[in-house]
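Have a look at the structure below before the remarks.
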Amino acid sequence: LEEGFIRELVSKIQTMRKEAGFEVMDRIIVYQSGNDRLAELLDTHKAEIGREVLADEIRTGTEGGYKKEWNINGEKTMLGVEKINR
């Protein structure tokens, strides 16, 4: 069950990267708010998720960047992605 949530989160974040017009290799910050269960999963699996979506940071409990509300397996949440300028 947990793995399903992680796969869905990665999928949604990748979709948002495309919608926001980021390049394939752009490093990002991921934001999440509005759902404690998903925040806990993001915190627990931060390294794994970060590797897959090229996120240098995953910030839970806050919003930023390009935002979108999602329903992930019945859990509503707000996700955001922001490109890191280097």
Side-chain angles (χ1 to χ4, degrees):
L1 188 66
E2 200 169 281
E3 193 172 311
F5 275 108
I6 293 163
R7 295 246 172 276
E8 278 298 305
L9 283 164
V10 167
S11 172
K12 302 301 188 229
I13 293 165
Q14 298 289 44
T15 297
M16 292 178 69
R17 285 179 62 99
K18 285 184 192 132
E19 289 177 356
F22 298 165
E23 297 295 323
V24 174
M25 296 308 295
D26 284 341
R27 304 297 298 186
I28 64 168
I29 299 170
V30 173
Y31 298 91
Q32 182 276 334
S33 65
N35 188 300
D36 291 340
R37 182 176 185 191
L38 294 178
E40 191 175 314
L41 283 171
L42 280 165
D43 286 337
T44 303
H45 299 278
K46 195 175 280 196
E48 175 188 344
I49 294 167
R51 261 194 316 278
E52 289 204 42
V53 301
L54 300 181
D56 287 356
E57 291 181 55
I58 296 177
R59 300 178 183 173
T60 55
T62 186
E63 293 183 12
Y66 170 74
K67 297 182 285 196
K68 198 167 179 181
E69 189 171 45
W70 294 95
N71 184 328
I72 300 174
N73 300 336
E75 300 282 340
K76 285 191 177 179
T77 192
M78 181 69 76
L79 292 176
V81 292
E82 180 179 4
K83 185 166 85 171
I84 297 172
N85 294 315
R86 298 204 169 158

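In what follows, residues are counted from 1 in the order of the sequence shown.
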Practice prompt. To the nearest 0.5 angstrom, please state how far the CZ atom of R51 sits from the NE2 atom of H45.
Written response: 11.5 Å
Discussion item. Nearest 0.5 Å, please: how far is CG in L42 from CG in L79?
Written reply: 7.0 Å
Worksheet item: Once you round to the nearest 0.5 Å, how far does CG of D56 lie from CD1 of I28?
Response: 9.0 Å
Worksheet item: How close do A55 and V30 get, heavy atom to heavy atom, and via which atoms?
Response: CB-CG2, 3.8 Å
Response to the item:
Paired with Y31, the side chain to side chain donor-acceptor pair (under 3.5 Å) test is passed by just one of E63, K67, R59, namely R59
Discussion item. Using modelled atom types and a 3.5 Å cut-off, is there a donor and acceptor pairing between side-chain atoms of Q14 and backbone atoms of E52?
Written reply: yes
Discussion item. Distance check, rounded to the nearest 0.5 Å: E2 atom CD versus R37 atom CZ?
Written reply: 8.5 Å
Worksheet item: CD/E8 to CG/N71 distance, rounded to the nearest 0.5 angstrom?
Response: 10.0 Å
Fill in: Sole residue of K12, Q32, E69 in side-chain contact (heavy atoms from CB on, under 4.5 Å) with T77
Q32
Worksheet item: Would you say D43 has more than 12 foreign heavy atoms packed within less than 6.0 Å of its CG?
Response: yes
Worksheet item: Within the distance-only criterion (no hydrogens, no angle test), does the side chain of S11 pair as donor or acceptor with the backbone N or O of R7 below 3.5 angstrom?
Response: no
Fill in: Test item: D26 and L54 side chains (from C-beta on) under 4.5 Å apart, heavy atoms
no
Worksheet item: Which heavy atom in E19 sits nearest to a heavy atom in Y66, and how many Å separate them?
Response: OE1-OH, 2.7 Å
Fill in: Heavy-atom pair of closest approach, residues I72 and F5
O-CE2, 3.4 Å
Worksheet item: Shortest non-hydrogen contact from A20 to V81?
Response: CB-CG2, 4.5 Å
Discussion item. Starting from M16, can I reach I29 by hopping between I/L/V/M/F/W/Y residues whose side chains sit under 4.5 Å apart?
Written reply: no
Worksheet item: Looking at E48 and I6, what are the two nearest heavy atoms and their distance?
Response: OE2-CG2, 3.9 Å
Item to complete: Report yes if the side chains of L38 and W70 come closer than 4.5 Å at any heavy-atom pair, otherwise no.
Response: no
Discussion item. Would you say M78 ends up clustered with V53 if hydrophobic residues are merged whenever their side chains have heavy atoms under 4.5 Å apart, either directly or through other cluster members?
Written reply: no
Worksheet entry | Heavy-atom pair of closest approach, residues L41 and I49 | O-CD1, 4.4 Å
Worksheet item: Would the number of heavy atoms belonging to other residues, nucleotides or ligands and lying under 6.0 Å from NZ of K68 be above 12?
Response: yes
